[in-house]
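Numbers here are sequence positions counted from 1. Predicted model only: the values in this text are computed from it and were never measured.
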Amino acid sequence: MRPRLIVALLAALAVLAGCATSASSGVSSATDTGRSESFEASGRQPAPKLTGELLGGGAFDLAQHRGEVVVVNLWASWCNPCRAEAPELVAVAEATKSQRVSFVGIDIRDDRDKAKAFVQRYGIGYPNLFDPGARAVLDFAKVPPTAIPSTLIIDRKGRIAALYTKAMLREDLESAVRRVAAEPE
(Lines give C-alpha, C1' and ligand atoms only; values in the text may rest on other atoms or scores of the structure.)
Protein backbone atom coordinates (compact mmCIF):
# COMPACT_ATOMS: atom_id res chain seq x y z
CA MET A 1 0.00 0.00 0.00
CA ARG A 2 1.13 3.55 -0.66
CA PRO A 3 2.23 5.50 2.45
CA ARG A 4 -0.30 8.33 1.89
CA LEU A 5 -3.16 5.83 1.66
CA ILE A 6 -2.01 4.09 4.83
CA VAL A 7 -1.85 7.40 6.72
CA ALA A 8 -5.29 8.36 5.42
CA LEU A 9 -6.80 5.04 6.45
CA LEU A 10 -5.25 5.26 9.90
CA ALA A 11 -6.60 8.80 10.31
CA ALA A 12 -10.08 7.65 9.28
CA LEU A 13 -9.97 4.76 11.74
CA ALA A 14 -8.89 7.10 14.52
CA VAL A 15 -11.79 9.43 13.72
CA LEU A 16 -14.23 6.57 13.78
CA ALA A 17 -12.90 5.27 17.08
CA GLY A 18 -12.95 8.66 18.77
CA CYS A 19 -16.51 8.60 20.04
CA ALA A 20 -16.46 5.21 21.69
CA THR A 21 -18.19 5.49 25.03
CA SER A 22 -17.25 4.05 28.34
CA ALA A 23 -19.85 1.63 29.63
CA SER A 24 -19.44 2.95 33.16
CA SER A 25 -19.53 6.67 32.46
CA GLY A 26 -21.25 7.07 29.10
CA VAL A 27 -18.68 9.79 28.36
CA SER A 28 -16.88 9.81 25.04
CA SER A 29 -13.20 9.15 24.96
CA ALA A 30 -13.02 12.32 22.87
CA THR A 31 -13.76 14.33 26.02
CA ASP A 32 -11.23 12.34 28.03
CA THR A 33 -8.31 12.52 25.61
CA GLY A 34 -9.28 15.48 23.48
CA ARG A 35 -6.84 18.15 22.57
CA SER A 36 -6.95 21.86 21.87
CA GLU A 37 -4.35 23.27 19.58
CA SER A 38 -4.04 26.78 18.14
CA PHE A 39 -1.52 27.58 15.44
CA GLU A 40 0.39 30.84 15.04
CA ALA A 41 -0.39 32.54 11.73
CA SER A 42 3.18 32.11 10.50
CA GLY A 43 3.10 28.33 11.00
CA ARG A 44 -0.39 27.45 9.78
CA GLN A 45 -0.94 24.66 7.27
CA PRO A 46 -3.26 25.30 4.33
CA ALA A 47 -6.58 23.56 4.73
CA PRO A 48 -6.98 20.81 2.17
CA LYS A 49 -9.69 20.79 -0.43
CA LEU A 50 -13.04 20.19 1.27
CA THR A 51 -16.01 19.45 -0.93
CA GLY A 52 -19.00 17.22 -0.62
CA GLU A 53 -22.68 16.51 -0.80
CA LEU A 54 -24.84 18.48 1.58
CA LEU A 55 -27.24 16.63 3.83
CA GLY A 56 -30.18 18.63 2.50
CA GLY A 57 -29.04 18.40 -1.13
CA GLY A 58 -26.58 20.44 -3.14
CA ALA A 59 -22.83 20.70 -2.76
CA PHE A 60 -20.31 22.43 -0.52
CA ASP A 61 -16.88 23.73 -1.51
CA LEU A 62 -14.64 25.31 1.12
CA ALA A 63 -12.83 27.26 -1.61
CA GLN A 64 -15.98 29.36 -2.12
CA HIS A 65 -15.59 30.64 1.47
CA ARG A 66 -12.11 32.17 1.08
CA GLY A 67 -12.07 35.49 2.92
CA GLU A 68 -14.31 34.12 5.67
CA VAL A 69 -13.40 32.34 8.86
CA VAL A 70 -14.87 28.85 8.55
CA VAL A 71 -15.58 26.56 11.49
CA VAL A 72 -15.66 22.90 10.43
CA ASN A 73 -17.25 20.45 12.88
CA LEU A 74 -17.20 16.66 12.52
CA TRP A 75 -20.15 14.98 14.18
CA ALA A 76 -22.51 12.02 14.14
CA SER A 77 -26.04 11.66 15.48
CA TRP A 78 -25.07 8.65 17.63
CA CYS A 79 -22.26 10.53 19.40
CA ASN A 80 -23.16 11.75 22.92
CA PRO A 81 -20.55 14.55 23.03
CA CYS A 82 -21.79 15.70 19.62
CA ARG A 83 -25.29 16.02 21.07
CA ALA A 84 -23.94 17.97 24.04
CA GLU A 85 -22.00 20.45 21.89
CA ALA A 86 -24.62 20.98 19.15
CA PRO A 87 -26.44 23.84 20.95
CA GLU A 88 -23.07 25.41 21.78
CA LEU A 89 -22.05 25.42 18.10
CA VAL A 90 -25.41 26.85 17.02
CA ALA A 91 -25.02 29.68 19.56
CA VAL A 92 -21.48 30.51 18.37
CA ALA A 93 -22.54 30.41 14.71
CA GLU A 94 -25.30 32.91 15.46
CA ALA A 95 -23.09 35.13 17.64
CA THR A 96 -20.25 35.38 15.10
CA LYS A 97 -21.96 35.48 11.71
CA SER A 98 -21.70 39.29 11.53
CA GLN A 99 -17.89 38.87 11.60
CA ARG A 100 -17.94 36.93 8.32
CA VAL A 101 -17.76 33.57 10.05
CA SER A 102 -19.34 30.51 8.45
CA PHE A 103 -19.93 27.08 9.92
CA VAL A 104 -20.12 23.74 8.17
CA GLY A 105 -20.72 20.37 9.74
CA ILE A 106 -19.51 17.03 8.43
CA ASP A 107 -21.76 14.15 9.43
CA ILE A 108 -19.83 10.89 9.31
CA ARG A 109 -20.71 7.22 9.74
CA ASP A 110 -24.40 7.95 9.95
CA ASP A 111 -27.76 7.24 8.41
CA ARG A 112 -29.17 10.16 6.39
CA ASP A 113 -32.55 10.18 8.17
CA LYS A 114 -30.92 10.15 11.63
CA ALA A 115 -28.56 12.92 10.57
CA LYS A 116 -31.46 15.06 9.30
CA ALA A 117 -33.34 14.48 12.56
CA PHE A 118 -30.23 15.56 14.52
CA VAL A 119 -29.94 18.79 12.52
CA GLN A 120 -33.63 19.52 13.00
CA ARG A 121 -33.64 18.65 16.72
CA TYR A 122 -30.80 21.06 17.50
CA GLY A 123 -31.88 23.81 15.09
CA ILE A 124 -28.66 23.65 13.11
CA GLY A 125 -29.05 26.20 10.34
CA TYR A 126 -25.59 25.99 8.80
CA PRO A 127 -24.78 23.53 5.99
CA ASN A 128 -23.76 19.96 6.78
CA LEU A 129 -21.96 17.54 4.51
CA PHE A 130 -23.28 14.00 4.48
CA ASP A 131 -20.16 11.84 4.51
CA PRO A 132 -20.97 8.35 5.82
CA GLY A 133 -17.59 7.02 4.68
CA ALA A 134 -15.63 9.83 6.39
CA ARG A 135 -13.84 10.55 3.12
CA ALA A 136 -13.90 14.34 3.51
CA VAL A 137 -11.42 14.23 6.40
CA LEU A 138 -8.85 11.98 4.74
CA ASP A 139 -7.00 14.94 3.22
CA PHE A 140 -6.50 16.53 6.67
CA ALA A 141 -3.45 14.31 7.25
CA LYS A 142 -1.13 17.14 8.35
CA VAL A 143 -3.57 18.34 11.03
CA PRO A 144 -5.92 15.39 11.46
CA PRO A 145 -9.19 15.57 13.33
CA THR A 146 -8.81 12.27 15.20
CA ALA A 147 -12.03 12.03 17.17
CA ILE A 148 -15.72 12.68 16.97
CA PRO A 149 -16.50 15.44 17.67
CA SER A 150 -13.67 17.48 16.20
CA THR A 151 -13.71 21.14 15.29
CA LEU A 152 -11.32 23.07 13.07
CA ILE A 153 -11.13 26.81 12.59
CA ILE A 154 -9.98 27.84 9.12
CA ASP A 155 -8.70 31.43 8.83
CA ARG A 156 -9.62 33.90 6.07
CA LYS A 157 -6.59 32.83 4.04
CA GLY A 158 -7.70 29.17 4.02
CA ARG A 159 -5.25 27.94 6.68
CA ILE A 160 -5.94 25.82 9.75
CA ALA A 161 -5.87 28.15 12.76
CA ALA A 162 -7.06 25.72 15.44
CA LEU A 163 -8.01 22.09 16.01
CA TYR A 164 -10.11 20.68 18.85
CA THR A 165 -10.67 16.95 19.22
CA LYS A 166 -13.26 17.19 21.96
CA ALA A 167 -16.72 18.57 22.58
CA MET A 168 -16.66 22.36 22.64
CA LEU A 169 -18.24 24.77 25.08
CA ARG A 170 -19.65 28.03 23.74
CA GLU A 171 -17.29 30.34 25.61
CA ASP A 172 -14.16 28.46 24.51
CA LEU A 173 -15.15 28.17 20.86
CA GLU A 174 -16.54 31.68 20.59
CA SER A 175 -13.38 33.18 22.06
CA ALA A 176 -11.19 31.26 19.60
CA VAL A 177 -13.39 32.12 16.61
CA ARG A 178 -13.48 35.82 17.49
CA ARG A 179 -9.70 35.85 17.91
CA VAL A 180 -9.18 34.39 14.41
CA ALA A 181 -11.87 36.67 12.93
CA ALA A 182 -10.08 39.72 14.38
CA GLU A 183 -6.78 38.90 12.68
CA PRO A 184 -5.66 41.30 9.94
CA GLU A 185 -6.51 40.10 6.46
Close side-chain approach of [X] and [Y], heavy atoms under 4.5 Å:
{"X": "Lys114", "Y": "Trp78", "answer": "no"}
{"X": "Ile106", "Y": "Asn73", "answer": "no"}
{"X": "Lys116", "Y": "Gln120", "answer": "no"}
{"X": "Leu74", "Y": "Val137", "answer": "yes"}
{"X": "Cys82", "Y": "Ile148", "answer": "yes"}
{"X": "Asp61", "Y": "Leu50", "answer": "no"}
{"X": "Leu62", "Y": "Thr51", "answer": "no"}
{"X": "Val177", "Y": "Ile153", "answer": "yes"}

Arg83 to Tyr122 six-membered ring, cation-pi geometry met (6.0 Å, 45°): no

Are [X] and [Y] in one and the same hydrophobic cluster, where Ile, Leu, Val, Met, Phe, Trp and Tyr link if side-chain heavy atoms are under 4.5 Å apart?
{"X": "Val69", "Y": "Met168", "value": "yes"}
{"X": "Val90", "Y": "Leu55", "value": "yes"}
{"X": "Ile124", "Y": "Phe130", "value": "yes"}
{"X": "Tyr126", "Y": "Leu54", "value": "no"}
{"X": "Phe103", "Y": "Leu152", "value": "no"}

For [X] and [Y], work out which heavy atoms get closest and say how close.
{"X": "Phe118", "Y": "Ser77", "value": "CD1-CA, 3.7 Å"}
{"X": "Ala162", "Y": "Phe39", "value": "N-CD1, 3.9 Å"}
{"X": "Pro46", "Y": "Ile160", "value": "O-CD1, 4.5 Å"}
{"X": "Arg178", "Y": "Ala95", "value": "NH2-O, 3.0 Å"}
{"X": "His65", "Y": "Ser102", "value": "ND1-OG, 3.8 Å"}

Side chain to side chain contact (heavy atoms under 4.5 Å, CB included) between Leu129 and Asp107, worked out: CA-CA 6 Å; Leu129 277 73; Asp107 172 45; over 6 Å; no

Derivation and outcome, side chain to side chain contact (heavy atoms under 4.5 Å, CB included), residues Val104 and Val71: CA-CA 6 Å; Val104 63; Val71 178; over 6 Å; no

Within a 6.0 Å radius of atom [atom1] on [X], are there more than 12 heavy atoms belonging to other residues, nucleotides or ligands?
{"X": "Glu185", "atom1": "CD", "result": "yes"}
{"X": "Arg112", "atom1": "CZ", "result": "yes"}
{"X": "Arg135", "atom1": "CZ", "result": "no"}

Test side chain to side chain contact (heavy atoms under 4.5 Å, CB included) applied to Leu173 and Glu85, step by step: CA-CA 10 Å; Leu173 181 59; Glu85 80 170 357; over 6 Å; no

Pair Arg159-Gln45, side chain to side chain donor-acceptor pair (under 3.5 Å): steps then yes or no: CA-CA 5 Å; Arg159 303 171 303 174; Gln45 298 289 325; over 6 Å; no

Separation between CG of Asp155 and CZ of Arg66, rounded to the nearest 0.5 Å: 8.5 Å

Euclidean distance, Leu163 CG relative to Ser36 OG, rounded to 0.5 Å: 8.5 Å

Salt-bridge contact Glu68-Lys97 (side-chain N to carboxylate O under 4.0 Å): no

Quick one: does any side-chain atom of [X] pair with a main-chain N or O of [Y] as donor and acceptor, under 3.5 Å?
{"X": "Ser150", "Y": "Ala147", "result": "yes"}
{"X": "Arg109", "Y": "Ala76", "result": "no"}
{"X": "Gln99", "Y": "Ala181", "result": "no"}
{"X": "Ser175", "Y": "Glu171", "result": "no"}

Worked check of salt bridge (Lys or Arg N to Asp or Glu O under 4.0 Å) between Glu94 and Arg170: CA-CA 11 Å; Glu94 184 62 31; Arg170 177 183 177 161; over 6 Å; no

Pair Asp110, Trp75: side-chain N/O donor-acceptor within cut-off below 3.5 Å: no

Chi angles and distances behind the salt bridge (Lys or Arg N to Asp or Glu O under 4.0 Å) call for Arg44, Glu183: CA-CA 13 Å; Arg44 291 179 184 163; Glu183 293 175 351; 2.6 Å; yes

